[in-house]
Amino acid sequence: MDRTSNFMPTPDQSVLDVQPLRTLAPMFPAPLGVNTFNLTNTTPPLVFVTSAGQFPGGFGAPGHPAFRSFAAAFGAQDAYGGQPASSRGQDAGGGQATAFADKYAANGATNPGATADCPIDATPISAYRSTPPTIIPLDDDDDDNEHLAGNQTSASGRKIKRPSHLSGYKMSGGFGSDDSNVVKAKRHRSSYRKAGADNEFTLVPLSSSNPREVVEEVLMTFEALRRRYLQVDQAQESSKRPDLKVGAMMMARNLRANIGKRIGVVPGIEIGDIFYFRMELCIIGLHSPTMAGIDYMTHTFGDKDDDSVAICIVAAGVYENEDDATDTLVYSGSGGSSKNNEEMHDQKLERGNLALQTSLLRKNVIRVVRGFKDPGCLGGKVYMYDGLYKIHESWKERTKTGIQCFKYKLLREPGQPEGMSIWKMSQKWVENPATRGRVLHPDLSSGAENLPVCLVNDINSEKGPGLFTYITQVKYPKPLSSMKPLQGCSCLNACLPTDTDCGCAKFNGANLPYSSTGLLVCRKNRLYECGESCQCSVNCRNRVTQKGVRVHFEIFRTGNRGWGLRSWDPIRAGSFICEYVGEVIDDGKSNLDDGEDDYLFQTVCPGEKTLKWNCGPELMGEQSMNNSDDTFEPLPIKISAKRKGNISRFMNHSCSPNAFWQPVQFDHGDDGHPHIMFFALKHIPPMTELTYDYGEIGTDSGGIGSPGAKSCLCGSSNCRGYFC
DNA sequence: GCCGCATCAGCTGA
DNA sequence: CTCAGCTGATGCGG
């Protein structure tokens with residue numbers, strides 16, 4: 001962590017020859033019509049792009065003003081690589097984009113961008129040129145369409161409607177009986193367009209919104225609701241696919257991004273993004289079928305030449321593709337597999353298979369999502385968006401089971417940021433750390449952590465961070481034994497969500513705070529894990545952070561922010577990352593040199609997004625379990641990792657962070673000095689720098705205030721400009 | 001304890 | 001309306 005240096009993306013980071021950094025999300029302004037769903041009166045609105053809001057219905061004609069405005073919004077990146085959009089005039093971008101739109105208006109031919117000259121680490125996928133999105137026009141011009149289209153084009157005349165009620169998320173009859181809810185949701189969906197009057201989702205033109213944020217918002221909402229459903233369902237012993245339930249709910253409410261199929265790039269989705277459910281791909285508009293591997297659509301080529309072409313495939317490795325290459329893919333057609341004792345049959349050239357065949361002729365780009373085994377979760381699966389491919393050949397093949405099967409060979413379009421190759425590379429390092437080059441030290445923790453902490457420098461000749469002592473446990477000024485003990489539970493073996501008598505569950509507001517796989521359900525002002533005074537065993541699910549780190553970390557040299565922290569493993573949203581370890585500074589002692597300690601942790605109020613992370617109860621219309629969770633409550637604790645610390649001292653600040661801190665207690669009852677534990681705010685792909693929000697100046701900064709302020713140029717659209 | 005396999009309840013879009 | 005489909009959770013046997 002180097003708090004004195006600022007982060008500003010520079011276009012010249014090509015020195016990063018080996019590891020493209022997936023650092024902060026490139027942001028660019030996009031004046032969009034957006035839907036806002038207001039959760040509570042005190043919560044800032046969540047923002048979602050509506051179907052027609054982002055892509056007005058029926059604008060198909062080239063040169064249409066709406067098209068032009070779309071292209072201006074999304075095409076403007078083309079000439080500028082990953083530079084922050086704010087650093088250039090929007091007019092220039094618009095002009096460029098208009099030309100781009102006209103160029104592709106003639107036909108639907110695709111054109112992979114020539115962005116290879118851009119620094120690969122800073123090139124957002126949105127900078128990669130593609131076909132303008134093709135929208136299936138809505139079949140009728142109902143109220144909503146006009147509504148939304150109007151919002152899209154008028155920048156000033158947009159009106160903000162308050163939601164009339166919050167019952168949208170509230171599921172009637174608890175969470176046990178699901179069928180009624182689903183049916184209800186479907187009914188809502190089918191009547192959605194007509195029922196413009198009573199929609200809870202209002203149209204708010206937030207100029208600060210951009211596709212990336214919309215996508216993240218949608219995903220965060222999905223995860224929040226899914227985990228909350230899981231929590232509630234498990235307590236009622238009726239756990240059945242919360243992913244599908246929440247997906248259906250969000251689809252019905254139009255709480256989704258990028259509605260409408262398209263060829264090529266999907267705004268707000270970047271190469272390397274990872275997902276844990278097929279439903280996630282669905283609600284962000286990347287791949288619409290919930291199970292099928294081939295997504296396809298009818299596209300008009302030339303003037304009136306309609307064809308059904310493939311637009312996205314999920315290669316989950318189900319059909320025996322042992323291909324290690326990172327830029328080619330042999331995909332098997334669908335069908336033929338047996339189910340319900342039916343015998344296997346040859347695949348037919350229909351539906352998805354036919355669309356793939358047509359795509360071979362039409363040469364359109366196809367998005368590829370790759371599925372992997374999740375190294376962090378047994379039996380789990382991760383999906384990674386790997387960018388645009390084209391089909392180069394196809395053939396028929398007889399499989400081991402004796403049926404005819406279609407095969408399609410896809411090649412990755414050149415000039416795109418790295419996707420799966422990063423995954424393969426980092427997984428290789430996990431298996432054999434010796435294959436990681438540029439290593440300065442194989443394990444900074446010298447065996448103290450569960451897994452080695454690698455120190456690397458791909459950038460320059462610096463040999464490492466300044467001297468400090470690596471410790472894995474917080475140093476309190478007084479011995480633990482002298483601190484107030486924590487009351488435990490009397491559960492036998494392990495605490496279970498169905499056990500309403502578990503004392504620890506009660507401490508946490510009636511529910512166990514973690515899912516069965518150890519994911520935090522939602523942020524709380526305080527979290528109590530089971531500890532020594534509990535009867536339960538170490539296998540209890542309410543013991544997560546005390547078991548230490550679970551992913552392979554590396555400390556790496558950043559371009560301009562000193563040293564940083566990242567992981568070789570993917571990190572799922574809600575996962576425990578690490579503890580802020582250091583020396584706890586006694587409250588009594590005044591520390592005049594606080595401002596000079598770049599490694600001082602204080603509970604400064606983080607951004608609203610972090611603070612309200614996945615407040616599942618509120619999302620579902622429930623009252624918060626604990627009123628104090630609604631407000632930020634600074635703690636007296638101060639931890640200095642200047643002389644002694646662990647990996648977390650290297651975590652840099654970002655105004656768009658991917659991690660947050662959470663007070664956790666398990667070994668003592670001193671509420672003023674909890675452990676500070678970091679959790680993943682969202683899914684974090686391998687090799688992405690881990691960052692958290694250092695906090696806002698002026699809001700409960702514990703007396704430290706502005707003297708310690710450092711200016712921040714993190715480049716995110718919501719950058720506050722400084723941090724402390 | 002770990003794997004592969006079978007089973008089953010699901011949901012969307014064609 | 002029906003149904004396919006590179007799901008995801010669970011349970012069993014090797």
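To find a chain, count down the sequence lines: A is the first, B the second, and so on, and within it residues start at 1. All values below come from the heavy atoms of this structure, side chains included, with hydrogens, waters and symmetry mates left out.
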Mark yes when over 12 heavy atoms from residues, nucleotides or ligands other than A:Lys373 sit less than 6.0 Å from its NZ; otherwise mark no. no
May I ask you to verify if any side-chain N or O of A:Tyr383 is less than 4.0 angstrom from the OP1 or OP2 atom of C:dT7? yes
Options C:dG8, C:dA4, B:dC11, nucleotide nearest the side-chain atoms of A:Met279: B:dC11
Integer-rounded Å distance: C:dT7 C1' and A:Ile294 CD1: 16 Å
Expressed as a whole number of angstroms, how long is the span from A:Leu244:CG to C:dT10:P? 13 Å
Output the rounded distance in Å from CZ (A:Arg226) to C1' (B:dC11). 16 Å
Closest nucleotide of DNA chain C for A:Arg278 versus for A:Gly335: which of these residues is on the 5' side? A:Gly335
Using a 4.0 Å heavy-atom cut-off, does A:Leu378 contact any base of the nucleic acid, only the sugar-phosphate backbone, or nothing at all? sugar-phosphate
Along DNA chain C (nearest heavy atom to each residue), the more 5'-positioned of A:Gly293 and A:Gly379: A:Gly293
Does a nitrogen or oxygen in the side chain of A:Lys261 sit under 4.0 Å from OP1 or OP2 of B:dA14? yes
Which residue pairs pass the salt bridge (Lys or Arg N to Asp or Glu O under 4.0 Å) test when at least one of the two sits in residues 277-286 of chain A, sequence neighbours left out? none
Backbone of A:Leu681 reached by a side-chain donor or acceptor of A:Trp613 within 3.5 Å: yes
Between CG of A:Asp295 and P of B:dA14 the distance, given in whole Å, is 7 Å
Knowing that exactly one of A:Leu388, A:Ile391, A:Val309 qualifies, which makes a side chain to side chain contact (heavy atoms under 4.5 Å, CB included) with A:Ile366? A:Ile391
Taken to the nearest whole Å, OH/A:Tyr296 to C1'/C:dA4 is 9 Å
Please state how far atom NZ in A:Lys348 lies from atom P in B:dA14, giving the value in whole angstrom units. 20 Å
Tell me the interatomic distance from A:Asp243, atom CG, to C:dT10, atom P, rounded to whole angstroms. 11 Å
Kindly say if A:Lys240 contacts the phosphate of C:dA9, meaning a side-chain N or O under 4.0 Å from OP1 or OP2. no
Looking at the side chain of A:Lys373, which of B:dT12, C:dG5, B:dG4 is the nearest nucleotide? B:dG4
Kindly write out the residues that satisfy ring-ring contact (aromatic ring centres under 6.0 Å, His included) with A:Phe679, not counting sequence neighbours, or none if the list is empty. A:Phe576
Taking only side-chain nitrogens and oxygens of A:Ser334, does any of them come within less than 4.0 Å of OP1 or OP2 of C:dG5? yes
Could you identify the nucleotide paired to B:dC2, looking across every strand shown and requiring Watson-Crick or G-U wobble geometry with both distances under 3.5 Å? C:dG14
Whole-Å distance between B:dC11 P and A:Met251 CE? 12 Å
